[in-house]
2 protein chains.
Amino acid sequence: MKKVDTESRQKSILNAIVESYVDSAAPVGSRAIAQRFRNSISPATIRNVMADLEEKGLIMQPYTSAGRVPTDKGYRFYVDSLLELKHLTKEEESIINKLIRQSTSDIEYVMQNASKAISLVTNVAGVVLTPRLKRSIFKHIELFNMDDSRIMAVIVTTSGFVKNSIMDFEEHLTGQELTRIAEFLNSELEGVSLGEIKSYLTRKLLEERDSFYIFLKRATDILSIPGLFKADDHLYFDGAACIMSHPEFTDIKKTRLFLRACEDKKGLLNLLNQDMELEGIKIHIGKENLYNEIQDLSIVTCNYKVNDMTVGAIAAIGPTRMEYGRVISVLKYISIELGKELESLG
Amino acid sequence: MKKVDTESRQKSILNAIVESYVDSAAPVGSRAIAQRFRNSISPATIRNVMADLEEKGLIMQPYTSAGRVPTDKGYRFYVDSLLELKHLTKEEESIINKLIRQSTSDIEYVMQNASKAISLVTNVAGVVLTPRLKRSIFKHIELFNMDDSRIMAVIVTTSGFVKNSIMDFEEHLTGQELTRIAEFLNSELEGVSLGEIKSYLTRKLLEERDSFYIFLKRATDILSIPGLFKADDHLYFDGAACIMSHPEFTDIKKTRLFLRACEDKKGLLNLLNQDMELEGIKIHIGKENLYNEIQDLSIVTCNYKVNDMTVGAIAAIGPTRMEYGRVISVLKYISIELGKELESLG
DNA sequence: AATAGCACTCTAAGTGTTAGAGTGCTAATT
DNA sequence: AATTAGCACTCTAACACTTAGAGTGCTATT
């Protein structure tokens, strides 16, 4: 008899179990797997392999003598070693493009529609994190007086993101003075990322000692206003309803946990901000998500770039039993298209 | 025996049925009502009255010989004629104020927190519609060049709302020219609502015939850019998870309908925009909501004002079985506080 | 007009039964 | 030595059946 590599057979059976379970949402029995292999392996053999896989903690039985279900660890192994990416169909790509390229030149719409695109094509919830201001590149600033004591600043970044902020400023500056300061900043700060502006100006300030100092000081003061780079942490969310089509949510408790997770902006924000630092796809499976008591949920995230600079992230949230291959492809595709669209708006 | 006014007894029994049902979520029997009246009326009498109420379509039985449940019509009569407003406790007021008055001077936060406040205090979902630009009063405009072919406009309204828009503009204007146009608009448009600007300028344009004309024409052209007043239709939403605590949502189908209704931004937007035109509280009960197949859901809305001008609306969405008295009081209170906060930001 | 009494209805919850899907083990087969 | 067939065993999900009790409507009584 031909010698069979035990390990590779275990892998391919795990693969079959995961895919079958993802597809059917029901515990997978040895017979079903045997059929997947066109009965080239008998159910009995598969049962033996399954026992091994269970010992390794990759699959489990919901109860004695039921079929097997992948564990978090099983999914982890699957996505790390077995998973094959699915190509998007032309149709799916066109749905996505139609949603993202609305050419309304309004970033809010683009973001909202990007999250809708994620949920529509993957059938799980979609989340989009707005471009991080600190990661964005300075393009233009405008300053003007709102009234006697308040100045408004409008900062435009190369990614087309516009941030305005009203600030109390004790000393009154004339419109001309403000214009001069803005002009100075515009020539000085080109290409600097917003996150570096502060240290950049402070450094300048230390070098400068002549009459120019007081002018530079004012500019620095204005840009030091706390509210200026804050509040850029908006999440766009879509697909809460569509996720209810998954059978795991017939249990109200799980639905509630899911909704709670989705409304926990802080937690999501943390996760996305963290994942953003890493390139490409990141996957958090079930209990790996320690940031919350989220169980039975997986989160897949992907950074997106504008002019080769990572500025934000998108994500998909769904039951651990999700089509990882498709979800990953979709996020990759959308992150690229979103980046392109933002560049064209910038 | 003392003569009893039949009609007023019917009313007070309907009142008792609604309040008992809102409280317990279970069909209300004649015994329970009798106890509410400290047995001053016997269950048998109440049964007779109930039969009358049922005939009028104000209550119904989920099945033969079960207790009674209010119909949409019953709720309608209740909110129109019987309902007593509940005062907010100091505690509730303080929760609301803490959320709304974060003094971050960031409107997004204020809106987000207002919706959170609604859901937190009423235990149903909260929605906040951003101030309608067209209803807002012009305060200040600033124009500057983004690059050779694009101009950025920043408009500030008295309600503190800032709208920026980038527009393609075929003829290149120098910074000075833009500044002059902005200065002109600033002096000219003070106190005009954004919705009237267009017609205001067109009127001006007709009167004017001298060299000033071309200047005025440019200003008009700039403000005619379509994107400028668009995209001010953002909804802030909170409380999807908290609503799951209501027993009506043990049925997954209803949960799904609810989530679908909440994600149907267009429908909600329409409803809120419409209701905004009317002063005070508006209530849509169950199937009265024709804008969607929403059933078993009620929507309560309230406009809010800045400087005595209605600019937006807030709403609560929950099962028809909701504490209307409390919800109404909360919306009234929050709409006022929200208006005040926006004034202080403006 | 209001109420007590009573027969009747219907549900929700609990119990019992059964079909069938799936397992693990052992012995037979290749 | 690896694979497989056979078989006894386990557990669930589904269905039928029973029953307690909450609530009703009607009729006779106060």
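Just so you know, these numbers use all the heavy atoms, side chains as well, and skip hydrogens, waters and symmetry mates. Naming: A, B, ... by sequence-line order, numbering from 1 per chain.
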Whole angstrom value for the distance that separates [atom2] of [N] from [atom1] of [X]:
X: B:Asn48; N: D:dA28; atom1: CG; atom2: C1'; answer: 14 Å
X: A:Ile59; N: C:dG24; atom1: CD1; atom2: C1'; answer: 14 Å
X: A:Glu7; N: D:dA2; atom1: CD; atom2: C1'; answer: 18 Å

| query | Mapping B:Ile46 and A:Arg47 onto DNA chain C by nearest heavy atom, which one lands closer to the 5' end? | reply | B:Ile46
| field | Contacts of type side-chain contact (heavy atoms from CB on, under 4.5 Å), residue A:Asp251, not counting sequence neighbours | value |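 side-chain contact (heavy atoms from CB on, under 4.5 Å) list for A:Asp251, sorted by chain: A:Lys253, A:Lys254.
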| message | Let's see if you get this right: which residues in residues 15-34 of chain A place a heavy atom under 4.0 Å from DNA chain D? | response | none
| Tell me, which of residues 60-74 of chain B have any heavy atom that sits under 4.0 Å from an atom in DNA chain D? |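 B:Gln61, B:Ser65, B:Ala66, B:Gly67, B:Arg68 - these, ordered by number, are the residues of the stretch whose heavy atoms sit under 4.0 Å from the strand.
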| query | So, does A:Glu263 use its side chain to make a donor-acceptor pair with the main chain of A:Arg260 at under 3.5 Å? | reply |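 Answer holds: no.
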| Backbone of A:Ser329 reached by a side-chain donor or acceptor of A:His87 within 3.5 Å |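 No: the side chain of A:His87 does not pair with the backbone of A:Ser329.
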| field | A:Asp52 with A:Lys56: basic N within carboxylate O range, under 4.0 Å | value | no
| query | Nearest 0.5 Å, what's the NZ-CD1 distance between A:Lys86 and A:Ile328? | reply | 10.5 Å
| query | What residues form a salt bridge (Lys or Arg N to Asp or Glu O under 4.0 Å) with A:Arg326, not counting sequence neighbours? | reply |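 For A:Arg326, the residues satisfying salt bridge (Lys or Arg N to Asp or Glu O under 4.0 Å) (neighbours in sequence not counted) are A:Glu92, A:Glu323.
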| message | Applying salt bridge (Lys or Arg N to Asp or Glu O under 4.0 Å), can you list everything that pairs with B:Asp238, at least two apart in sequence or on another chain? | response | none
| message | Per the side-chain hydrogen bond (donor to acceptor under 3.5 Å, both in side chains) rule, what does the pair list look like for residues 13-27 of chain A, sequence neighbours excluded? | response | A:Glu19-A:Tyr78
